[in-house]
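In what follows, every chain begins at residue 1, and chains take the letters A, B, ... in the order their sequences are listed.
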Amino acid sequence: MIENLVIVESPAKAKTIERFLGKSYMVKSSFGHIRDLAKKNLGIDIESDFAPQYMVPADKKKVVKELKSLASESKMVWLATDEDREGEAIAWHLFEVLGLDRENTRRIVFHEITKDAIQRALENSRHIDDHLVNAQQARRVLDRLVGFELSPLLWKKIKPSLSAGRVQSVAVKLIVEKEREIQQFKPKKYFRVQATFSPTGSPEGQLSFKAELNKRLESLEEARKFLALCRDSHFQVDQVEKKPLKKAPAPPFTTSTLQQEASRKLGFSVNQTMSVAQRLYESGKITYMRTDSVNLSKLAIGTAAAQIRKLFGEKYVKSRNFTTKSKGAQEAHEAIRPTYMEQSSIEGSRTEQRLYELIWKRTLASQMSQAELEKTSVHISVSQAREKFVASGEVLIFDGFLKVYMESSDEEQSDEQKGRLPVLQSQDELQREVIEATEKHTMQPTRYTEASLVKKMEELGIGRPSTYAPTISTVQQREYVVKEDRPGKQREIQVLKLLGEHVGEEAMTENYGFEKGKLFPTDIGIIVNDFLEQNFENIMNFNFTASVEKEFDEIAEGQLNWSSMIERFYRPFHSRVESTTETSERTKGEKLLGKDPASGKPVSVKIGRFGPIAQIGEASDEEKPRFASLLKGQSLETISLEEALDLFRLPRTVGEFEGEELVVGIGRYGPYVRHKSKFFSLAKNDDPLTIEQDRAIEIIVEKRTQEQNRNIKQFDEEPGLFILNGRYGPYISFQKKNYRIPKNKNPEELSLEECREIIRKAGSRSKK
DNA sequence: CAGTGAGCGAGCTTCCGCTTGACTT
């Protein structure tokens with residue numbers, strides 16, 4: 001007989017709690033939800049008040065079986081799942097599936113894992129909150145109805161296997177809308193004027209500082225005029241303003257802010273962040289990593305203060321507790337923090353160490369004093385003009401939390417320098433060293449990264465900490481969105497420079513628009529988005545989740561019946577699905593671009609079986625239409641007639657080599673030149689439309705010498721084993737598998753025995 | 001692994017939120 005059986009959601013949590021409780025407690029975990037709606041069909045009986053049909057999924061049968069038998073031998077079962085809507089529902093499903101009875105079951109909650117909190121929880125047990133459970137059922141049923149009615153509609157009208165849902169469709173919409181904003185964006189030109197001054201009489205260059213004109217100039221004309229005025233002006237300090245400035249640390253990490261900072265500071269994808277954090281959690285180094293709370297336990301605040309005192313002194317200690325602002329936060333856990341604040345670093349892989357240090361620093365900083373700065377603005381008058389130059393400087397008076405941590409931002413860094421200024425007073429004369437007017441363009445909106453999309457979703461209250469990373473993966477898997485780098489473009493800018501008595505003018509080129517790891521909508525993403533927007537405006541509305549959440553809250557309060565709430569949503573929604581099924585055309589995103597000047601036939605683009613294509617002629621024509629795939633980076637929405645026609649210029653023959661044709665084309669893996677039925681990739685800056693014979697031959701010869709250098713060594717006794725030179729250096733290839741060569745070994749001198757040893761070692765490692 | 005794009009149709013796809021492994025590279 002077991003005295004007490006405690007069930008929590010996570011096995012790592014179970015282990016920790018078991019340590020805090022005495023021998024009379026056994027702690028087990030449910031591994032999250034143990035039941036879900038049936039997967040076949042809807043899993044909901046629409047005609048019986050939306051009665052859910054719950055099933056235990058195959059991969060949960062084992063857990064359920066074990067818990068059931070343990071529960072039957074237990075005197076008391078404590079359901080200690082999380083204190084939120086989902087946790088309450090898990091407790092209820094456990095109650096139902098394990099066949100528990102009310103007398104021997106208690107519901108308890110704790111949102112921090114400390115001995116005190118657990119003890120308090122045991123003393124304050126309650127029963128399952130049915131209203132909260134109903135709110136969860138409403139949430140679950142609504143999501144199933146939306147997802148399982150909209151997705152099949154997309155299969156019929158657009159393409160099989162597509163998906164739509166309350167969360168993912170809005171995530172895609174954010175990306176589509178951002179892309180359209182960027183397309184419509186027209187940069188405005190202006191001139192920014194910067195000057196370098198120094199106090200009159202000071203040794204050249206030593207005390208010089210930069211100042212910026214307080215006004216942007218509209219045109220080249222204006223910039224010329226202004227610099228001419230400057231040439232004949234003298235400069236004087238007008239006013240010196242000093243302001244104290246205080247900066248407060250950011251709150252400790254939640255899932256969303258951890259993903260953002262790990263992306264900005266460490267370059268991690270949201271998936272990577274979550275899997276590294278999971279390992280840290282499982283090895284007991286950090287608290288739970290899926291949380292929307294910025295709360296820290298009293299214990300953590302105390303140990304952080306002690307740590308700060310020890311490292312930096314009392315002056316740096318400032319204990320505070322933060323409150324959560326994000327929409328729909330349920331705060332079942334603490335913020336993400338180190339389990340032991342006294343551990344500033346850990347053992348583990350490099351990525352684990354880096355993420356841990358980030359978490360440690362952020363947590364510590366959140367309990368440290370404000371930083372104090374003094375901001376100085378110096379206004380400088382120009383004798384011949386009204387405009388003024390402003391120089392700003394920041395001096396750190398007390399570093400406070402900045403000693404360990406500074407939050408990063410998504411905005412591109414401005415090149416404005418803020419540093420120390422020389423000591424200046426009103427009326428001081430200044431000498432100009434150089435004044436520069438540089439042509440600038442206003443910046444287009446910034447595309448989302450994975451992490452900044454999570455930030456936006458959190459602001460809108462869409463998705464939960466446990467779903468941010470999976471949602472981002474889903475929209476990429478469905479090919480609604482791609483994460484890509486895009487090369488920048490170049491443009492010419494004018495730079496005017498006043499040096500001595502001379503104003504020079506120079507045209508320079510500037511790179512802009514380079515994107516790294518940004519999210520772009522695909523054509524299919526755009527088509528699905530527009531289809532849903534047109535027919536299901538309410539679900540695509542950014543406030544949809546917020547407004548249903550409000551109703552879920554009312555259900556949780558017991559003021560609203562869940563099935564009637566669903567009824568009110570479902571009836572109009574379902575009839576919309578039906579009417580759309582009947583009336584809307586099957587859409588392939590077809591778009592007519594114009595006429596082909598050569599044949600006079602229409603040129604159009606659409607989504608074909610294998611992706612976006614351009615087409616000359618129509619299917620009904622006597623002669624079959626010609627097709628060509630769009631290139632990476634092109635889209636149905638923006639492609640021009642000229643660009644589409646260019647696609648048909650390939651493949652083209654550019655000459656011959658060794659008696660055979662050289663054919664240039666673009667395949668699935670990019671531009672290539674084909675020769676004797678072998679393919680050679682073109683280099684990045686080769687344009688397949690203009691490349692000529694000589695360059696094509698050069699590419700082929702290059703590739704051949706590379707191949708010759710590929711083979712380093714081979715053994716007669718083992719003909720299947722090669723030592724090769726690859727992209728990442730030398731390696732051993734054996735039976736279609738590759739093996740790394742230890743750095744201290746010279747690949748050319750390896751013996752067969754040594755190679756076999758390397759393969760054996762690698763084999764035994766992967767089995768572990 | 002790189003020139004694809006007809007048309008028919010069986011059987012399948014799909015949601016969000018809570019948890020980990022079991023996989024492969």
Side-chain angles (χ1 to χ4, degrees), chain A residues 8-14 29-37 39-44 57 59-60 62-63 81-82 84-91 93-94 136 139-156 159-169 171 274-275 278-279 281-282 288-290 330 332 462-471 474 477-478 539 545 548 588 606-615 619 624-629 650-652 663-674 677-682 737-738 740 766:
Chain A
V8 296
E9 290 178 40
S10 146
K13 200 169 168 181
S29 95
S30 75
F31 293 83
H33 273 294
I34 52 149
R35 272 206 306 191
D36 191 15
L37 296 175
K39 245 181 133 33
K40 294 257 169 197
N41 309 320
L42 260 189
I44 298 165
D59 59 336
K60 284 291 158 61
K62 215 179 124 197
V63 191
T81 49
D82 295 347
D84 59 16
R85 203 161 64 202
E86 298 296 326
E88 201 68 20
I90 293 173
H93 282 302
L94 285 167
Q136 193 274 347
R139 198 281 302 155
R140 181 67 192 93
V141 166
L142 178 103
D143 283 336
R144 173 54 71 87
L145 290 171
V146 170
F148 275 38
E149 295 220 351
L150 287 186
S151 300
L153 186 58
L154 297 180
W155 307 341
K156 276 188 213 118
K159 204 175 124 171
S161 303
L162 296 177
S163 66
R166 174 178 59 82
V167 172
Q168 60 169 283
S169 296
M274 292 314 282
S275 78
Q278 176 87 29
R279 286 203 297 276
Y281 167 66
E282 282 172 10
Y288 197 57
M289 64 283 152
R290 290 185 277 263
Q330 306 196 7
I462 293 164
R464 304 275 314 129
S466 67
T467 62
Y468 294 137
T471 302
T474 302
Q477 261 167 31
R478 299 270 174 275
I539 286 168
T545 290
V548 293
K588 289 180 180 157
K606 69 173 186 189
I607 297 273
R609 262 212 294 167
F610 307 104
I613 49 171
Q615 173 179 350
K624 265 186 156 185
R626 294 167 63 204
F627 297 100
S629 294
L650 297 172
R652 55 188 263 271
V663 180
V664 171
I666 293 175
R668 279 212 330 214
Y669 302 97
Y672 63 85
V673 49
R674 196 182 65 212
S677 65
K678 275 188 82 175
F679 291 86
F680 304 86
S681 291
L682 298 193
K737 277 190 170 173
N738 299 336
R740 206 186 310 162
S766 67

Distance, rounded to the nearest Å, where A/L162 contributes CG and B/dC12 contributes C1': 13 Å

Straight-line distance of A/E88 CD to A/T81 OG1, nearest 0.5 Å: 6.5 Å

Counterpart residues, side chain to side chain donor-acceptor pair (under 3.5 Å), relative to A/S30 (two or more places apart): none

Sugar-phosphate only, base, or nothing, as touched by A/P651 at under 4.0 Å among non-hydrogen atoms: nothing

Touch class at under 4.0 angstrom, heavy-atom based, for A/G43 against every strand present: nothing

Salt bridge A/D82-A/K13, side-chain N to carboxylate O under 4.0 Å: yes

Contiguous Watson-Crick or G-U pair runs (3 or more, under 3.5 Å) in DNA chain B: none

Distance, rounded to the nearest Å, where A/K156 contributes NZ and B/dT14 contributes P: 16 Å

Separation between CG of A/L42 and CZ of A/R144, rounded to the nearest 0.5 Å: 7.0 Å

Nearest non-hydrogen partners of A/G43 and A/L37, listed with the distance: O-CD2, 3.5 Å

Protein-nucleotide distance (A/L650, atom CG; B/dT4, atom P), rounded to Å: 12 Å

Set of salt bridge (charged side-chain N to carboxylate O under 4.0 Å, His left out) partners for A/K60, sequence neighbours left out: none

Length of the line joining A/E149:CD and B/dT14:C1', which is rounded to integer Å: 12 Å

Any A/R279 side-chain heavy atom under 4.5 Å of A/M289 side chain: no

Sugar-phosphate only, base, or nothing, as touched by A/S629 at under 4.0 Å among non-hydrogen atoms: base

A/Y672-B/dA2 aromatic stacking (under 5.5 Å, under 30°): no

Nucleotide B/dT4, atom P - distance to CZ of A/R626 in whole Å: 11 Å

Sequence-aligned protein contact record of nucleotides 15-21 of chain B, with B where the base is within under 4.0 Å of a protein heavy atom and S where only the sugar-phosphate is: BBBBBS-

Pairwise P distance, B/dT4 and B/dC8 [rounded to whole Å]: 22 Å

B/dG9 to B/dT13 separation - C1' atoms, rounded to the nearest Å: 16 Å

Criterion side chain to side chain contact (heavy atoms under 4.5 Å, CB included) on A/H33 and A/Q136, from CA distance to verdict: CA-CA 12 Å; A/H33 273 294; A/Q136 193 274 347; 3.8 Å; yes

Euclidean distance for P, B/dC15 against B/dG11 (whole angstrom): 23 Å

Pick out the pairs of N or O atoms, protein on one side and nucleotides 6-9 of chain B on the other, that lie under 3.5 Å.
none

With A/R139 via salt bridge (charged side-chain N to carboxylate O under 4.0 Å, His left out) - residues at least two apart: A/E86, A/D143

